[in-house]
Asker: 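Have a look at this one before I ask anything.
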Amino acid sequence: MDRYLVFGHPVRHSKSPFIHTLFARQTQQELEYGLAEPAVDEFAQALRTFFDQGGKGCNVTVPFKEQAFTLVDRLSPRAKRAGAVNTIKLTDDGVLLGDNTDGAGLVADLKSHGVTLADSRILLLGAGGAARGALAPLLAELPSELVIANRTHTKAQQLAAEFHDLGPVTAQAYEQLAGPFDLVINSTSASLQGELPPLTPALIHTDIAIYDMMYGASDTAFISWAKQHGARQTMDGLGMLVEQAAEAFTVWRGIRPGTKQVLRELKRNLGVI
């Protein structure tokens, strides 16, 4: 039976085995999917051992995405742009192909919620790996402007300069931000600590769409804050998790699973519904 893993540290909380088991059942694919939590300095060896022992593919999560970028034999165009790899496939000719499905998953989830990206003004909070993975797919949707804001402004400026050839992307300091924005995406990990990006409430209005890449059984700190200030459409990253997994499954198996039922099952599993 074909074997797949998700590598991370920590990773025991991962819902990827649950998701991919449902995908396999739905598409009648025979595979098994497990967890691997090597020490931070043992990831490269663990990855090699997995594929040497017959592994067919894997997902890679924190903190190994940038390291995986350097360990594969070939990179997809979107992985090159992101500077990080979250999906690896062993091809038929024995090549380790590195891909990044995070941005595609984000865009697919936004569209599933009816969010219009074309001609919209988007604010992206954060300038780390999650933001990097999102930029090219977001810009491919032809927004009127995409503004990056980050606590370290120079990082936002560097990121905007790197992706400027793909569309109208700029960097602004938090204190300089001026609305209106149609969509705000929080790619920072602040919600994991119950913290908030330093965003003024004046940017929140009733017609804005709010997206937090983090998720949980209840609203994240950022979503709660946005609701308190009048945002009516708020979304967390649970749908993105399922959509990027579907994209990875397609890379591995050549068949695209449906996501709606799997997302419902995952919400039940988490106690969200």
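Everything numeric in this text was worked out from a predicted model, so none of it was measured. No hydrogens, no waters, no symmetry mates; every other heavy atom, side chains included, goes into these values.
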Asker: Shared ILVMFWY cluster between Tyr211 and Phe181, side chains joined below 4.5 angstrom?
Answerer: no
Asker: Does the side chain of Ile88 reach to within under 4.5 Å of the side chain of Leu71, using non-hydrogen atoms?
Answerer: no
Asker: Hey, is NZ on Lys56 packed in by over 12 heavy atoms from elsewhere, all under 6.0 Å?
Answerer: no
Asker: Within a strict 4.5 Å, meaning less than it, do heavy atoms of the Ile223 and Asn186 side chains meet?
Answerer: no
Asker: Could you tell me if Asn59 and Ser16 have a donor-acceptor pair between their side chains, going purely by distance under 3.5 Å?
Answerer: no
Asker: Between Asn100 (side chain only) and Arg78 (backbone N and O only), is there a donor and an acceptor less than 3.5 Å apart?
Answerer: no
Asker: Do the side chains of Val107 and Leu138 get nearer than 4.5 Å, heavy atoms only?
Answerer: yes
Asker: Got a second to check how far Glu247's CD is from Met240's CE, nearest 0.5 Å?
Answerer: 11.5 Å
Asker: Would you confirm whether Ser224, through its side chain, and Ala221, through its main-chain N or O, come within 3.5 Å as a donor-acceptor pair?
Answerer: no
Asker: Do the non-hydrogen side-chain atoms of Arg253 and Asp2 ever get within less than 4.5 Å of each other?
Answerer: yes
Asker: Using the side chain to side chain donor-acceptor pair (under 3.5 Å) rule, pick out the option among Thr87, Asn86, Asp102 that qualifies with Lys65.
Answerer: Asp102
Asker: Which atom pair, heavy atoms only, marks the closest approach of Pro63 to Val40?
Answerer: CG-CG2, 4.3 Å
Asker: Going by distance alone, is a donor N or O of one side chain under 3.5 Å from an acceptor N or O of the other, for Asp99 and Ser76?
Answerer: yes
Asker: Between Arg121 (side chain only) and Pro180 (backbone N and O only), is there a donor and an acceptor less than 3.5 Å apart?
Answerer: yes
Asker: Before accepting this row, confirm whether a basic side-chain N of the pair Glu243/Lys111 lies closer than 4.0 Å to the acidic partner's carboxylate O.
Answerer: no
Asker: Starting at CG of Leu199, measure out to OH of Tyr174 and round the result to the nearest 0.5 Å.
Answerer: 7.0 Å
Asker: Of Val6, Leu266, Leu263, Thr259, which is the lone residue that meets side-chain contact (heavy atoms from CB on, under 4.5 Å) with Ile19?
Answerer: Leu266
Asker: Does one hydrophobic cluster hold both Val147 and Ile210, with members joined at side-chain heavy-atom distances below 4.5 Å?
Answerer: yes
Asker: Tell me whether Gln26 contacts the main-chain N or O of Gly258 through its side chain, where contact means a donor paired with an acceptor under 3.5 Å.
Answerer: yes
Asker: Establish, from distance only, whether the side-chain atoms of Glu162 and Gln158 form a donor-acceptor pair under 3.5 Å.
Answerer: no
Asker: Closest heavy-atom contact between Ala136 and Leu166?
Answerer: CB-CD1, 3.8 Å
Asker: Without swapping roles, check the side chain of Asp73 against the backbone of Leu96 for a donor-acceptor pair under 3.5 Å.
Answerer: yes
Asker: With a 4.5 Å cut-off on side-chain heavy atoms, are Asn150 and Leu159 touching?
Answerer: no
Asker: Any sub-3.5 Å donor-acceptor pair from Glu37's side-chain atoms to Val11's backbone N or O?
Answerer: yes
Asker: Any chance the side chains of Gln45 and Thr49 put a donor and an acceptor closer than 3.5 Å?
Answerer: yes
Asker: Does Gly114 offer a backbone N or O that forms a donor-acceptor pair with the side chain of Gln233 under 3.5 Å?
Answerer: no
Asker: Would you name the heavy atoms of Arg3 and Phe50 that are closest together and state the gap between them?
Answerer: O-CZ, 3.5 Å
Asker: As a quick check of understanding, evaluate ring pair (Phe, Tyr, Trp, His ring centres under 6.0 Å) for Phe64 and Phe43, giving each step before the final call.
Answerer: CA-CA 7 Å; Phe64 300 131; Phe43 169 61; 4.4 Å; yes
Asker: Just so I know, are the side chains of Leu35 and Ser14 near enough to count as touching, which here means a heavy-atom distance under 4.5 Å?
Answerer: yes
Asker: According to a hydrophobic-cluster definition based on side-chain heavy atoms being under 4.5 Å apart (Ile, Leu, Val, Met, Phe, Trp, Tyr only), do Phe51 and Val60 belong together?
Answerer: yes
Asker: Looking at Asp92, I want to see if its CG is surrounded by more than 12 non-hydrogen atoms of other residues, nucleotides or ligands under 6.0 Å.
Answerer: no
Asker: Please find the pair of heavy atoms, one from Glu66 and one from Gly83, that lie closest to each other, and give the distance.
Answerer: CG-O, 4.1 Å
Asker: Looking at Arg256 and Thr250, would you say the former's side chain and the latter's main chain have a donor-acceptor pair under 3.5 Å?
Answerer: no
Asker: Taking all non-hydrogen atoms of both residues, which atom of Ala149 and which atom of Leu177 are closest, and how far apart?
Answerer: CB-CD1, 4.0 Å
Asker: Quick one: which of Leu124, Ile148, Leu125, Leu135 gives a side-chain contact (heavy atoms from CB on, under 4.5 Å) with Ser187?
Answerer: Leu124
Asker: Please check: side-chain N/O of His113 versus main-chain N/O of Val115, any donor-acceptor pairing under 3.5 Å?
Answerer: no
Asker: Could you give the distance from NZ (Lys89) to SG (Cys58), rounded to the nearest 0.5 Å?
Answerer: 13.0 Å
Asker: Just so I know, are the side chains of His20 and Trp252 near enough to count as touching, which here means a heavy-atom distance under 4.5 Å?
Answerer: yes
Asker: Please tell me if the side chains of Val242 and Lys15 come closer than 4.5 Å, counting only heavy atoms from C-beta onward.
Answerer: no
Asker: More than 12 non-hydrogen atoms from neighbouring residues, nucleotides or ligands closer than 6.0 Å to CD on Gln193, yes or no?
Answerer: yes
Asker: Assigning hydrophobic clusters by single linkage (Ile, Leu, Val, Met, Phe, Trp, Tyr; side-chain heavy-atom cutoff under 4.5 Å), is Val72 placed with Phe69?
Answerer: yes
Asker: Find out if a path of hydrophobic residues (ILVMFWY) with successive side-chain heavy-atom gaps under 4.5 Å connects Met214 to Leu106.
Answerer: yes
Asker: Where is the tightest heavy-atom contact between Ala130 and Met213, given as atom of each residue plus distance?
Answerer: CB-SD, 3.8 Å
